[in-house]
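First the structure, in the form of structure tokens, and then the observations on it.
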Amino acid sequence: MVKSSGLRVLALWLLAAVCACAPSPPPSSPPPDPAARAEVLARCCARPETFPKELVALVEPAAEWFIPWARRLELRPPRLSAHPDALRTILAAARPLDIVTTRAKFHLAGRMARGATTHAMIYIGSEAELRRAGLWSHPALRPWHDAIRGGARFVEAIDPVVRLSTPGEALRADSVLLLRPRLDPEARAAAMGVLMREIGNRFDVHFRVDEKGCVFCTELVARAMPGLKLKVRTVYGRQIILPDDLAAMAMRGDGGLTFVAYVRGRRGGWDAAPPEALVADLAHAWR
């Protein structure tokens, strides 16, 4: 038992050290040649395992405390948080039930995840936006009217539970990608019902689609919008949905997602990048 515990501590230390020392990819990459675009998108997410399986197996039993700790261990400030105009740009473009994926390489948990984006959530909207969308009177939404009036705009699965988050909480990130699902009125109402009922559900620190009684970020999107048929991959022996697969789906145009906006933070600035820049960043992340 002592030997096992010692190995686990060593594994955690090695994992943290490797992630903390790994350089963040640059905020932009040269656009891929148009002829290579399909290859880039096909390669996206194909080989997501970056650590030895034995190391991951040692760390797995400690996930309940390690994952929250790693997310709270910030290695630098998030790139976008210092730019209120960037956040206003995102919110101005967002509509109720848009999917938001973010890149958060400023904390250790984000460094552990491979990809151009590392987290996903769903934009709920303001009271005015929900009224225009015909969703404000949805029965599942009524208990949360005060929270929305108080500034909550997003539903996200993040430790310890699924929650409503304000823009200041949800958009603490290095980059933000906004995607719009193509949903008919019935599917939109169903999605809102699922999301509101998931609030308070436990966050799944093991990231398993088949885990009962808990949910992780992209799984929440899949539950709310099953018609998107999000791709499920096997990573370290578990079934998982990767945020970058949503981005690639939108760029390929072979699913129910449309690119809306891509805002990237830089040292000292930010930019509203076109779809080609997203493809380039996917290429860099999955090269």
Side-chain angles (χ1 to χ4, degrees), residues 68 71-72 77-78 80-102 104 117 119-203 214-226 228 243 246 257-258 260-263 265 270 272:
R71 191 173 67 82
R72 288 166 177 77
L80 284 179
S81 293
H83 304 290
D85 48 345
L87 303 184
R88 284 192 291 268
T89 296
I90 297 162
L91 294 174
R95 298 292 180 268
L97 296 176
D98 280 354
I99 297 169
V100 178
T101 66
T102 60
T117 61
H119 181 51
M121 67 195 84
I122 296 176
Y123 180 75
I124 295 301
S126 66
E127 178 179 354
E129 290 169 334
L130 286 162
R131 286 187 183 278
R132 286 195 295 271
L135 291 168
W136 182 249
S137 61
H138 193 295
L141 195 63
R142 286 173 190 157
W144 307 103
H145 281 180
D146 287 345
I148 293 169
R149 285 170 173 149
R153 294 288 183 273
F154 300 84
V155 176
E156 60 176 335
I158 195 166
D159 65 271
V161 297
V162 181
R163 70 185 189 189
L164 272 171
S165 299
T166 65
E169 294 166 334
L171 302 180
R172 291 193 78 244
D174 298 323
S175 70
V176 175
L177 171 63
L178 192 62
L179 303 172
R180 186 154 298 151
R182 295 190 286 275
L183 304 173
D184 61 31
E186 184 178 347
R188 291 171 65 80
M192 186 63 72
V194 170
L195 289 171
M196 295 301 107
R197 287 191 292 271
E198 287 286 351
I199 293 174
N201 193 5
R202 288 189 303 114
F203 174 70
C214 53
V215 62
F216 60 89
C217 64
T218 47
E219 184 185 11
L220 178 63
V221 177
R223 287 187 185 184
M225 305 175 188
L228 294 179
L246 279 69
L257 292 175
T258 302
V260 177
Y262 184 37
V263 175
W270 65 279

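Positions are given from 1, in the same order as the sequence printed here. Please read these numbers as outputs of a predicted model, since none were measured by experiment.
Scanning both residues, Ala140 and Gly193, for their nearest heavy atoms gives CB-CA, 3.9 Å. The two residues Leu130 and Gly125 come nearest to each other via the heavy atoms CD1-O, 3.8 Å. Of all heavy-atom pairs spanning Thr102 and Ala173, the tightest one is CB-CB, 3.8 Å. Scanning both residues, Arg223 and Cys214, for their nearest heavy atoms gives NH2-O, 3.0 Å. Across Ala93 and Val260, no two heavy atoms sit closer than the pair O-CG1, 4.0 Å. Looking at every heavy atom in both residues, Glu129 comes nearest to Leu91 through OE2-O, 4.3 Å.
Ring orientation note: the planes of Phe154 and Tyr123 are nearly perpendicular, at an angle over 60° on the 30°/60° scale.
Residues that satisfy the ring-ring contact (aromatic ring centres under 6.0 Å, His included) test with Trp144, not counting sequence neighbours, are absent from this structure.
Atom CG of residue Leu228 and atom CG of residue Leu183 lie 6.0 Å apart, to the nearest 0.5 angstrom. Interatomic distance, Arg197 CZ to Met192 CE, rounded to the nearest 0.5 Å: 11.5 Å. Here Met225 contributes atom CE and Leu195 contributes atom CG; the two are 6.0 Å apart, rounded to the nearest 0.5 Å. Separating the OG atom in Ser165 from the CD1 atom in Ile122 is a distance of 12.5 Å, to the nearest 0.5 Å. For the atom pair Leu179 CG and Tyr262 OH, the distance stands at 11.0 Å (nearest 0.5 Å).
Paired with Ile99 under the rule side chain to side chain contact (heavy atoms under 4.5 Å, CB included), one option of Thr218, Leu177, Val221 passes, and it is Val221.
Counting heavy atoms from C-beta outward, Leu220 and Asn201 have side chains that stay 4.5 Å or more apart. Side-chain contact between Arg131 and Glu127: present, with at least one pair of heavy atoms (C-beta onward) separated by less than 4.5 Å. Two residues are said to be in side-chain contact when any heavy atoms from C-beta on lie closer than 4.5 Å; Leu97 and Leu135 meet this criterion. Using a 4.5 Å cut-off on side-chain heavy atoms (C-beta onward), Val155 and Glu198 make no contact. In this structure the side chain of Arg153 reaches within 4.5 angstrom of the side chain of Ser126, judged on heavy atoms.
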Residue pair Met196, Ile124: steps toward the side-chain contact (heavy atoms from CB on, under 4.5 Å) verdict: CA-CA 10 Å; Met196 295 301 107; Ile124 295 301; 3.7 Å; yes

Stepwise side-chain contact (heavy atoms from CB on, under 4.5 Å) test for Glu156 and Val100: CA-CA 10 Å; Glu156 60 176 335; Val100 178; over 6 Å; no

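When atom types are taken as modelled, the side chain of Arg180 and the backbone of Leu257 share no donor-acceptor pair closer than 3.5 angstrom. The closest donor-acceptor contact from the side chain of His119 to the backbone of Ala170 lies at 3.5 Å or more, if one exists at all. Judged purely by atom type and a 3.5 angstrom limit, Arg149 has no side-chain atom pairing as donor or acceptor with the backbone of His145.
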Atom pairs and distances, donor-acceptor, side-chain atoms in residues 80-88, under 3.5 Å, two or more places apart:
| from | atom 1 | to | atom 2 | distance (Å) |
| --- | --- | --- | --- | --- |
| His83 | NE2 | Gly269 | O | 3.4 |
| Asp85 | OD1 | Trp270 | NE1 | 3.3 |
| Asp85 | OD2 | Trp270 | NE1 | 3.2 |

